[in-house]
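Okay, structure first, notes after.
Note: hydrogens, waters and symmetry copies are ignored here, and every other heavy atom, side chains too, is used. Because the structure is a prediction, the values reported are computed rather than measured. Numbering of residues begins at 1 and proceeds along the displayed sequence.
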Amino acid sequence: MAKIKPFLCIRPAEGKAADIAALPYDVYNRREAKEVVADNPDSFLKIDRAETQFDDSVDTYDPKVYQKAHDLLWEMKSCGDFIQEETPCYYIYELTMDGRVQTGIAACASIDDYTDEVIKKHENTRAEKEKDRICHVDACSAQTGPIFLAYRADDTIREVVRKTKQTQPLYDFISDDDIRHRVFCISDPEDVEKIRLAFAQIGEIYIADGHHRAASAVKVGLMRREQNPGYTGEEEFNYFLSVLFPDEELMIMDYNRVVKDLGGSTAEQFLEKAKEIFDVTELSHAKKPEKKGTISMYLDGTWYMLTVKDEDRSDDPVDGLDVSLLQKLFLEPVLGILDPKTDERIDFVGGIRGLKELERRVSEDCAAAFAMYPTSIQELFAVADAGKLMPPKSTWFEPKLRSGLFIHAIE
């Protein structure tokens with residue numbers, strides 16, 4: 001059963017949250033991160049991406065960059081930009097995007113639940129991507145970016161959330177991308193215990209987004225255990241910062257594909273190959289797929305709907321995903337794209353950017369685009385429950401959780 005505990009949160013002081021809250025560190029490249037911090041010196045991005053404090057001659061992964069992140073974080077706390085709760089609490093983090101509300105519980109999850117696979121993964125991690133956040137968490141002695149977890153909805157949690165939302169929020173602001181953020185504190189001992197016990201009865205928790213951040217936080221915790229052989233298991237380094245959302249409120253957006261060439265085919269030949277594999281219908285205008293097993297293709301200025309044939313569908317939780325079917329039936333045999341993780345001929349476009357972005361890419365640097373029907377949260381759960389992994393770039397979650405609203409010190 002999952003151990004999801006309240007924690008002594010470090011959080012923005014009153015009136016500071018809107019300026020401090022920042023999109024995740026990996027949304028930006030170095031140039032973009034520097035521009036954000038230049039425009040808003042209070043942005044938490046200056047801590048998550050402390051290379052913004054140096055000129056470009058300093059390597060992003062230089063040890064002094066991580067030391068700078070440490071110094072900036074604890075300076076902001078000492079000067080009062082951040083405050084620390086006096087008793088362990090849970091928090092409600094509500095995000096509203098285009099009228100759709102999703103509400104999570106900010107808390108700490110157990111690294112043992114991660115290693116024992118009570119907290120389930122659906123994506124592999126890469127050591128080189130983990131290393132940066134391992135250095136960052138270790139240097140700061142704090143976790144600054146929450147892991148996006150999902151669970152099957154629970155009535156007890158739902159009721160505590162409903163009741164707490166009737167109180168005054170700690171923060172209520174609209175970010176530059178028109179997302180409304182509200183944060184409430186669950187501090188009543190009875191409600192805290194209800195939340196703790198409810199999660200203890202939930203059999204599985206799932207990583208929705210943030211696999212690399214989770215792996216990095218866990219590895220730092222394991223390192224700290226080695227450095228403290230007398231540890232009890234209750235030290236803060238045994239837990240990692242998370243926000244947990246019920247499945248009923250989550251929406252996964254499409255994660256689309258663009259390819260750089262047609263594998264030596266003309267557009268006409270490429271379309272004929274598609275017709276050999278799919279049922280193909282020409283569209284009069286750009287249109288997203290409306291059901292599983294359909295893919296919209298943009299080629300030579302025209303949109304087509306590709307429908308997977310019945311004999312090619314699969315009940316396997318991974319092989320039956322639309323992104324898997326496109327890869328297996330078309331991208332691999334027709335274009336020779338064997339590994340979409342490493343092949344430079346394929347790129348991925350988050351659904352938040354819309355079909356116009358796919359048309360733009362084809363007009364500028366690509367030859368064809370494929371708009372996917374979104375993977376469902378139930379499909380994500382099924383893959384994780386089967387102990388399998390999704391293909392790369394299968395899910396795109398919006399809105400993104402902000403960093404800097406909740407910080408978990410691990411010392």
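- Put simply, the side chain of Q84 reaches to within 4.5 Å of the side chain of I10, judged on heavy atoms.
- Using a cutoff of 4.0 Å between basic side-chain nitrogens and carboxylate oxygens, E234 and K3 are scored as salt-bridged.
- Salt bridge annotation for E332-K328: absent, with no cationic side-chain nitrogen under 4.0 angstrom from a carboxylate oxygen.
- A salt bridge does not link D56 with R31: every distance from a Lys NZ or Arg NE/NH1/NH2 to an Asp or Glu carboxylate oxygen is 4.0 Å or more.
- Here the closest non-hydrogen pair linking P41 and K46 is O-NZ, 3.0 Å.
- A cation-pi arrangement is present between K5 and Y239 under the rule of less than 6.0 angstrom and at most 45 degrees off the ring axis.
- With respect to the salt-bridge test (charged N to carboxylate O, under 4.0 angstrom), the residues E204 and R152 qualify.
- With sequence neighbours excluded, the residues forming a salt bridge (Lys or Arg N to Asp or Glu O under 4.0 Å) with K163 are D191, listed by chain and number.
- Aromatic rings from Y151 and F199 are positioned such that their centres are separated by under 6.0 Å.
- Ring geometry, Y206 versus F381: the interplanar angle falls under 30°, so the pair is classed parallel (tilted spans 30 to 60°).
- When each of D261, D339, D365 is checked for a salt bridge (Lys or Arg N to Asp or Glu O under 4.0 Å) with R345, only D261 meets the rule.
- A salt bridge does not link K260 to E344: none of the charged side-chain nitrogens sits closer than 4.0 Å to a carboxylate oxygen.
- Side-chain contact check for E411 and S141: at least one donor-acceptor pair (N or O, by modelled atom type) lies under 3.5 Å.
- The distance from atom CG of D312 to atom CG of L329, rounded to the nearest 0.5 Å, is 4.5 Å.
- Using a 4.0 Å cut-off between a side-chain N of Lys or Arg and a carboxylate O of Asp or Glu, R158 and E248 qualify as a salt bridge.
- The shortest distance between side-chain heavy atoms of L331 and D343 does not fall below 4.5 Å.
- Taking every heavy atom of both residues into account, S110 and I119 meet most closely at O-CD1, 4.0 Å.
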Please table the atom pairs, donor to acceptor, closer than 3.5 Å between any side-chain atom in residues 269-282 and protein atoms at least two apart or in another chain.
{"unit_1": "Q269", "atom_1": "OE1", "unit_2": "T266", "atom_2": "N", "d": "2.9"}
{"unit_1": "Q269", "atom_1": "OE1", "unit_2": "T266", "atom_2": "OG1", "d": "3.4"}
{"unit_1": "K273", "atom_1": "NZ", "unit_2": "S265", "atom_2": "OG", "d": "2.8"}

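- Checking D132 against Y66 by side-chain atom types alone, a donor-acceptor pair falls below 3.5 Å.
- Ion pair D385/K120 flagged as a salt bridge, since at least one NZ, NE, NH1 or NH2 atom sits closer than 4.0 Å to an Asp/Glu carboxylate oxygen.
- In this structure, S376 contributes its side chain and P374 its backbone to no donor-acceptor pair below 3.5 Å.
- Here K129 does not pair with D26 in a salt bridge; the nearest charged N to carboxylate O distance is not below 4.0 Å.
- Using a cutoff of 4.0 Å between basic side-chain nitrogens and carboxylate oxygens, D347 and R257 are not scored as salt-bridged.
- Closest non-hydrogen pair, L149 versus A109, comes out as CD1-CB, 4.3 Å.
- Proximity of a side-chain donor or acceptor of D247 to a complementary backbone N or O of A153 within less than 3.5 Å is detected.
- Between Q201 and T156, every side-chain heavy-atom pair lies at or beyond the 4.5 Å cut-off.
- Comment: R196 engages E193 in a salt bridge, judged by a side-chain N to carboxylate O separation of less than 4.0 angstrom.
- Counting heavy atoms from C-beta outward, T294 and E290 have side chains that stay 4.5 Å or more apart.
- Closest non-hydrogen pair, L241 versus G145, comes out as CD2-C, 4.3 Å.
- Between D98 and R100 there is no salt bridge, since no side-chain N of the basic residue sits under 4.0 Å from a carboxylate O of the acidic one.
- Here K291 pairs with nothing under the salt bridge (Lys or Arg N to Asp or Glu O under 4.0 Å) rule; sequence neighbours left out.
- Of the possible donor and acceptor atoms, none in the side chain of D322 sits under 3.5 Å from a partner among the backbone N and O of M372.
- Remark: the backbone N or O of G354 is not paired with any side-chain donor or acceptor of E357 at under 3.5 angstrom.
- Applying the ring-ring contact (aromatic ring centres under 6.0 Å, His included) test to every pair with at least one member in residues 112-144, sequence neighbours left out, gives these pairs: H122-H211.
- Listed here is the closest heavy atom pair of P246 and T103: CD-O, 3.2 Å.
- Among residues two or more places apart in sequence or in another chain, the salt bridge (Lys or Arg N to Asp or Glu O under 4.0 Å) test is passed with E249 by none.
- A 4.5 Å side-chain heavy-atom check between M297 and W303 finds every atom pair outside the cut-off.
- Remark: side-chain polar atoms of R225 are not paired, donor with acceptor, to backbone N or O of G233 under 3.5 angstrom.
- Of the possible polar contacts, none joining the T164 side chain to the V161 backbone as a donor-acceptor pair under 3.5 Å is found.
- Counting only residues at least two apart or in different chains, side-chain hydrogen bond (donor to acceptor under 3.5 Å, both in side chains) contacts with residues 393-410 comprise D48-S403, Q143-H408, S175-R402, D177-R402, E236-H408, W396-E398.
- Using a 4.0 Å cut-off between a side-chain N of Lys or Arg and a carboxylate O of Asp or Glu, D81 and K77 do not qualify as a salt bridge.
- With respect to E128 and K131, no salt bridge is recorded, no charged nitrogen being found less than 4.0 Å from a carboxylate O.
- When all heavy atoms of K288 and G351 are compared, the closest pair comes out as NZ-O, 4.3 Å.
- A ring-centre distance under 6.0 Å is found for Y91 and F406.
- Looking at E85 and R11, a side-chain N of the basic residue comes within less than 4.0 Å of a carboxylate O on the acidic one, giving a salt bridge.
- N256 and D254 share a donor-acceptor pair across their side chains, judged by distance under 3.5 Å alone.
- For R213 and E130, the salt-bridge test fails: no basic side-chain N is under 4.0 Å from an acidic carboxylate O.
- Under the 6.0 Å distance and 45° angle rule, R133 counts as a cation-pi partner of Y25.
- Between E51 and R49 there is a salt bridge, since at least one side-chain N of the basic residue sits less than 4.0 Å from a carboxylate O of the acidic one.
- Checked by atom type and distance alone, the side chain of D188 pairs as donor or acceptor with a backbone atom of E190 at under 3.5 Å.
- The backbone N or O of G99 sits nowhere less than 3.5 Å from a side-chain atom of T96 that would complete a donor-acceptor pair.
- Taking the six-membered ring for Trp and the full ring otherwise, F148 and F397 have centroids separated by under 6.0 Å.
- Side-chain contact check for V349 versus L358: some heavy-atom pair is nearer than 4.5 Å.
- With hydrogens and angles disregarded, no donor-acceptor distance shorter than 3.5 Å links the side chain of S324 to the backbone of G320.
- Using a 4.5 Å cut-off on side-chain heavy atoms (C-beta onward), Y28 and K34 make no contact.
- A salt bridge is absent between K16 and D19: the closest approach of a Lys/Arg side-chain nitrogen to an acidic carboxylate oxygen does not fall below 4.0 angstrom.
- At a threshold of 4.5 Å between non-hydrogen side-chain atoms, the residues I346 and V258 do not count as touching.
- N238 places a side-chain N or O within 3.5 Å of a backbone atom of E235 that can act as its donor or acceptor partner.
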